[in-house]
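Per chain, numbering begins at 1; letters A, B, ... match sequence-line order.
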There are 2 protein chains.
Amino acid sequence: MTDFLPPIQTTARDDAVLKALAGFVRQEALGPGGKLPTERILAERLKVSRNTVREALTRWEGLGLVERRQGSGTYLKAAVSPDMLHMPLTLAGGNDFAGLMSTLEIRRALEAEAAALCAIRAGKAELAEIERKLDLMEEAFQTRAGMSSDEDWEFHQAIFRASGNPLFEQIIAAMYELFHRFWEHPLGVRDFGHASFPYHRTIFNCIAARDPDGARAEALKLIATVEDDLKRGAANLKLSDRR
Amino acid sequence: MTDFLPPIQTTARDDAVLKALAGFVRQEALGPGGKLPTERILAERLKVSRNTVREALTRWEGLGLVERRQGSGTYLKAAVSPDMLHMPLTLAGGNDFAGLMSTLEIRRALEAEAAALCAIRAGKAELAEIERKLDLMEEAFQTRAGMSSDEDWEFHQAIFRASGNPLFEQIIAAMYELFHRFWEHPLGVRDFGHASFPYHRTIFNCIAARDPDGARAEALKLIATVEDDLKRGAANLKLSDRR
DNA sequence: TGCAGAAATTGGTTGGACCATTGAACCACT
DNA sequence: AGTGGTTCAATGGTCCAACCAATTTCTGCA
């Protein structure tokens with residue numbers, strides 16, 4: 001399994017380690033979920049210390065390329081190729097109400113564009129997948145009386161994925177935690193998210209009808225309802241306590 | 001069965017280090033360029049191994065938050081606060097045409113939304129600033145026969161800034177380098193960007209008229225012309241030679 | 001005063017050790 | 001057959017004590 005791992009020679013050790021690893025991944029045709037060699041094996045094969053290997057892997061972990069599971073191993077989380085463009089974005093501010101509204105505006109921008117692109121590009125398989133997620137969401141909505149946040153999220157994710165542009169999903173995934181924290185804490189608004197419910201179906205209809213402008217418009221309406229809910233929630237309980 | 005069992009939260013050493021470090025930065029009011037304590041000091045003060053400190057710093061270095069200079073020290077490269085949103089974006093094969101189109105689609109999403117928000121929120125001062133940038137751009141366009149990329153960029157930046165949401169400017173600034181690389185290399189299309197010229201004025205008019213939907217539509221048209229230019233360029237010179 | 005060289009500082013790397021978690025194999029009992 | 005417990009090897013996580021390499025600071029001589 002680990003036959004293709006030539007030793008390292010240049011300076012900038014950990015970068016060299018990453019390059020070698022990227023080559024290894026390509027050589028072995030490893031995809032997401034694939035398991036890469038243990039740190040001890042890598043250290044031995046590449047003729048570097050295990051600490052150096054760890055620093056390199058820490059970099060990849062920070063970029064979301066790799067996941068380490070103690071006792072199990074290190075696994076790929078995304079496709080990696082030797083020539084990749086890394087664009088680490090760190091955005092200031094974000095835990096207060098204004099920060100949430102800011103991220104929601106970003107989400108509105110991306111959601112609208114992704115829906116439009118999806119209406120143009122989605123293949124039959126992607127379309128079916130989106131509809132499946134939509135059905136699941138609607139069923140959960142009926143059954144659990146409105147608590148369908150997970151299924152809701154998966155529906156949107158399917159759209160982002162079908163947009164044909166991986167950046168959408170990556171950006172939105174980074175923001176997920178932030179949205180979710182509030183989503184699970186409905187701010188005292190009992191029917192939080194209810195208003196957005198019908199728009200999921202209308203968005204899908206526009207996508208299925210290959211109507212990008214319509215899909216964009218419906219996505220905008222959906223986010224608008226979420227914004228309204230959030231504003232109502234903020235009015236209900238005073239959110240002066242940051243954190 | 002109640003499947004409501006929250007995932008357990010175990011201690012994460014290096015994350016704790018980063019949190020402590022973020023607190024330290026805030027405490028000392030360190031800004032970009034500031035020098036933070038040496039690894040040995042940190043290890044001693046935080047009662048962790050120097051290795052752990054290094055792994056934590058490696059993460060921050062990967063995110064572009066920090067720069068290490070051997071023999072000198074570790075310095076801040078950006079403002080850091082305890083609550084930050086990290087968004088590591090990786091684009092497979094970032095140098096090819098598809099990658100550029102992907103980023104352009106993100107830009108279209110943000111540009112449209114920012115223009116709409118701008119039409120709602122921009123104050124008189126922001127409006128005047130945008131118009132000033134627009135005048136500068138049009139003048140440069142006339143004088144230098146179409147080469148107005150810098151002024152063009154500043155116009156868009158002014159809109160992002162006036163949107164009232166700092167995330168727009170931050171995201172787009174991080175992608176600037178990527179756009180610019182191609183912008184400066186017009187791919188053999190001599191009148192690259194000419195088609196987009198009139199839309200700058202129409203966008204501004206919509207913003208000044210407080211017409212968010214109109215501004216959004218005009219922004220979409222503008223990016224569409226840029227996309228067309230790019231596609232023409234890609235057709236002209238074969239971009240099959242990666243890197 | 002000016003500057004070359006020594007010394008101290010600091011990040012980079014190494015090797016080895018031990019801990020904590022995981023997962024598989026195995027076993028006892030029902 | 002299945003359930004639960006135990007053992008054990010593999011693997012990532014942490015620690016330590018050095019040493020290397022680049023940089024900065026200090027020192028002493030001209």
Are any of the side-chain heavy atoms of A:His200 and A:Asp152 separated by less than 4.5 Å?
yes
Assess the residue pair A:Glu113 and B:Arg108 against the criterion (salt bridge (charged side-chain N to carboxylate O under 4.0 Å, His left out)); give the C-alpha distance rounded to whole Å, side-chain angles, the decisive distance to 0.1 Å, and a yes or no.
CA-CA 8 Å; A:Glu113 187 64 26; B:Arg108 177 166 55 190; 2.5 Å; yes
Ion pair B:Arg40/B:Glu44, N-O distance below 4.0 Å
no
Close residues, residues 21-46 of chain B, relative to DNA chain D [heavy-atom separation under 4.0 Å]
B:Arg40
A:Thr38 meets the side-chain hydrogen bond (donor to acceptor under 3.5 Å, both in side chains) criterion, sequence neighbours left out, with none
Salt bridge (charged side-chain N to carboxylate O under 4.0 Å, His left out): which pairs involve residues 158-171 of chain A, sequence neighbours left out?
A:Arg161-A:Glu169
Strand contacts (DNA chain C) in residues 49-72 of chain A, 4.0 angstrom heavy-atom criterion
A:Ser49, A:Arg50, A:Asn51, A:Thr52, A:Gln70, A:Gly71
B:Arg68, B:Arg54, B:Lys77 screened by side-chain hydrogen bond (donor to acceptor under 3.5 Å, both in side chains) with B:Glu61, the one that passes:
B:Arg68
Please confirm whether B:Arg69 makes a cation-pi placement over B:Tyr75, using NZ or CZ under 6.0 Å from the six-membered ring centre and within 45° of the ring normal.
yes
Spatial distance of atom SG (A:Cys118) from atom CD1 (A:Ile203) [nearest 0.5 Å]:
10.0 Å
Per the end-axis method with five pairs at each terminus, what is the bend angle of the helix from C:dT1-D:dA30 to C:dT30-D:dA1, to 10°?
10°
Tell me whether the OP1 or OP2 atom of D:dT11 has a side-chain N or O from A:Thr74 closer than 4.0 Å.
no
Can you list every pair that meets salt bridge (charged side-chain N to carboxylate O under 4.0 Å, His left out) and has a residue in residues 20-31 of chain B, with sequence neighbours left out?
none
May I ask you to decide whether B:Lys19 forms a salt bridge with B:Asp14, counting only side-chain N to carboxylate O separations under 4.0 Å?
no
Between atom OH in A:Tyr75 and atom P in C:dT22, what is the gap in whole Å?
12 Å
